[in-house]
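In what follows, every chain begins at residue 1, and chains take the letters A, B, ... in the order their sequences are listed.
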2 protein chains.
Amino acid sequence: MDHSCASKAQIAYILRELHYQISPKFERCTGISQSRLELLQHLYDAEEISQTTLQKVVHIDNAAVTRHLKQLEASGMVNRRKNPQDNRVTLVSLTEQGRSKILSYRKERDQFVTNLLQGFTEKELPVLVDMLQRMQQNAEQIEG
Amino acid sequence: MDHSCASKAQIAYILRELHYQISPKFERCTGISQSRLELLQHLYDAEEISQTTLQKVVHIDNAAVTRHLKQLEASGMVNRRKNPQDNRVTLVSLTEQGRSKILSYRKERDQFVTNLLQGFTEKELPVLVDMLQRMQQNAEQIEG
DNA sequence: CCTCAATGTTTGATACGTCAAACAATATAA
DNA sequence: TTATATTGTTTGACGTATCAAACATTGAGG
């Protein structure tokens, strides 16, 4: 409520605008959506994990995760199977095809992000990451 | 493509995640979506402007702007009329009701953003705004 | 054992973006 | 002035997120 609220409010606006500016361009440049690539990226690191675990790290709704993974399965990028120890949970893993394809996606992504961050110095990047993460933590607290 | 790409890629991920964390909470806290409030906010400042002008400043697709404004008109927040000098353009303005309602929305928004930026110092805010705006400018350049 | 709660996943309804194509209305130029 | 390009807006098809409700499946307590 203090005098700096105008600039604070601006931040919320810019974040929204930035997302919608980036999102379609990211997909056109890399050939895959940010969400999908993020899912694949975590599978790449994790071998085989449950959907819920995956859902929590990518901050996407369960329903959306289910739909993404179904389509990624249909396109041969991931495998899904029930956990024999607990038939409620679905375990997901990358296929060989997925594992190899992700490498080229990553290249495109890196190029894209490099463009996005043109003019940023090496010192600025960690500052930015830190601020964004702090906002994320704050966001998690809001409205239980 | 250099060694800092991991941290760069992280930024793209966080931006996406942050948007989806914020967006529903913003609406629940304030009673209006970010996009709508941003549209109203600009109308508040601008008196009467054309849809296209408005669309350009908020970085939302024309189609989405049309739909938002139609609904805001239906709910009595804005007026729309054809420009008599050029019947192609639609001029939009706030109604009295809209003008008064926006004040309470703003209060909620400011509270929300204050929570989002908890722990940020006065010096950090302009740094953050600057970085976000630079990303926006870079994003505009990508893939003409 | 057999409810009943908890956990994981899925489905359905809704909202809001994008793009492309359709429709004006206006400018331009032959 | 009449065909053609340009500009502003709208509509339709689609993707992807949210929430809430429906379905398993498993665990725990009487």
Side-chain angles (χ1 to χ4, degrees), chain A residues 13 15-29 31-39 49-75 78 80-92 139 142-144, chain B residues 13 15-39 49-75 78 80-92 139 142-143:
Chain A
Y13 289 155
L15 283 174
R16 190 196 60 75
E17 291 175 8
L18 199 46
H19 168 74
Y20 286 114
Q21 285 179 279
I22 289 177
S23 175
K25 289 185 175 178
F26 184 96
E27 186 157 356
R28 274 200 298 278
C29 289
I32 192 171
S33 77
Q34 279 187 291
S35 301
R36 295 254 168 107
L37 186 50
E38 197 168 342
L39 286 168
I49 52 179
S50 80
Q51 285 196 183
T52 300
T53 312
L54 187 52
Q55 182 266 315
K56 271 168 194 148
V57 328
V58 297
H59 293 107
I60 300 177
D61 186 89
N62 277 313
V65 170
T66 293
R67 285 162 185 143
H68 278 306
L69 291 176
K70 272 190 170 176
Q71 286 205 252
L72 289 169
E73 185 182 36
S75 64
V78 309
R80 301 201 308 152
R81 66 184 182 107
K82 288 285 176 194
N83 182 342
Q85 267 75 56
D86 183 344
N87 272 294
R88 286 171 301 185
V89 339
T90 304
L91 296 172
V92 195
I142 294 175
E143 217 238 8
Chain B
Y13 289 156
L15 283 174
R16 191 196 59 75
E17 291 174 10
L18 200 46
H19 169 73
Y20 285 113
Q21 286 179 279
I22 289 177
S23 173
K25 289 184 177 178
F26 183 96
E27 187 158 353
R28 274 200 297 279
C29 290
T30 64
I32 192 171
S33 76
Q34 278 188 292
S35 301
R36 295 253 169 110
L37 186 50
E38 197 169 342
L39 286 169
I49 52 178
S50 81
Q51 286 196 185
T52 301
T53 312
L54 187 51
Q55 180 267 316
K56 271 167 194 148
V57 326
V58 297
H59 293 110
I60 301 177
D61 188 89
N62 276 313
V65 170
T66 292
R67 285 163 186 141
H68 278 306
L69 291 176
K70 271 189 170 176
Q71 286 204 253
L72 288 170
E73 186 182 35
S75 65
V78 308
R80 301 200 308 151
R81 66 182 183 110
K82 288 284 177 194
N83 183 340
Q85 266 75 56
D86 182 344
N87 272 293
R88 286 171 301 184
V89 338
T90 304
L91 296 173
V92 195
I142 293 176
E143 218 238 10

Which of D:dT26, C:dA25, D:dT9 is nearest the side chain of B:Thr52? It is D:dT9
Short side-chain N/O contact to D:dT9 OP1/OP2 from B:Arg81, under 4.0 Å
no
Nearest-Å distance, CG (A:Leu69) to P (D:dA17)?
11 Å
Starting from P on D:dT16, measure out to CD on A:Glu38 and report it in whole angstrom.
14 Å
Looking at B:His19, is its backbone amide N or carbonyl O close enough to the side chain of B:Ser23 to form a donor-acceptor pair, meaning the two atoms are under 3.5 Å apart?
no
For A:Val89 against A:Ser50, the heavy-atom pair lying closest together:
CG2-CB, 4.3 Å
Could you give the CD-to-P distance, from A:Gln55 to D:dA17, as a whole number of Å?
12 Å
Atom pairs under 3.5 Å, N or O on each side, protein against nucleotides 17-19 of chain C: can you list them with distances?
unit_1	atom_1	unit_2	atom_2	d
C:dG17	OP1	B:Ser35	OG	2.0
C:dG17	OP2	B:His68	NE2	2.6
C:dT18	OP2	B:Asp61	N	2.5
C:dT18	O4	B:Arg67	NH1	3.1
C:dC19	OP1	A:Arg28	NH1	2.8
C:dC19	OP1	A:Arg28	NH2	3.4

What integer distance in Å separates B:Gln85:CD from D:dG8:P?
15 Å
Per atom distances to the B:Arg88 side chain, the nearest of C:dA6, D:dG8, D:dT10 is D:dG8
Just to confirm, is there a sub-4.0 Å distance from OP1 or OP2 of D:dT10 to any side-chain nitrogen or oxygen of B:Gln51?
yes
Of all heavy-atom pairs between A:Ser35 and A:His68, which one has the smallest distance, and what is that distance?
CB-NE2, 3.8 Å
Are B:Arg80 and B:Lys70 close enough that some pair of their side-chain heavy atoms sits under 4.5 Å apart?
yes
So which atom in A:Ser33 and which in A:Glu27 form the shortest heavy-atom distance, rounded to 0.1 Å?
CB-OE1, 3.5 Å
To the nearest Å, how far apart are B:Asp86 CG and D:dT6 C1'?
11 Å
Nearest-nucleotide check on DNA chain C, A:Lys82 vs B:Glu27; residue mapping nearer the 5' end is A:Lys82
In whole angstrom, what separates A:Ile32's CD1 from D:dG15's P?
15 Å
Rounded distance (Å) that lies between atom C1' of D:dT9 and atom CG of B:Asn87:
12 Å
Is it the case that the side chain of B:Gln55 and the backbone of B:Ile60 share a donor-acceptor pair, with hydrogens and angles ignored and the cut-off at 3.5 Å?
yes
Could you state the CG-C1' distance from B:Leu72 to C:dA15, rounded to the nearest angstrom?
14 Å
Would you say that A:Lys82 contacts A:Thr90 through its side chain, given a criterion of any heavy-atom pair below 4.5 Å between the two side chains?
yes
Give a yes/no on whether any side-chain N or O of A:Thr66 is located under 4.0 angstrom from OP1 or OP2 of C:dT9.
no
Between A:Gln71 and B:Lys70, which is nearer to the 5' end of DNA chain D once each is assigned its nearest nucleotide?
B:Lys70
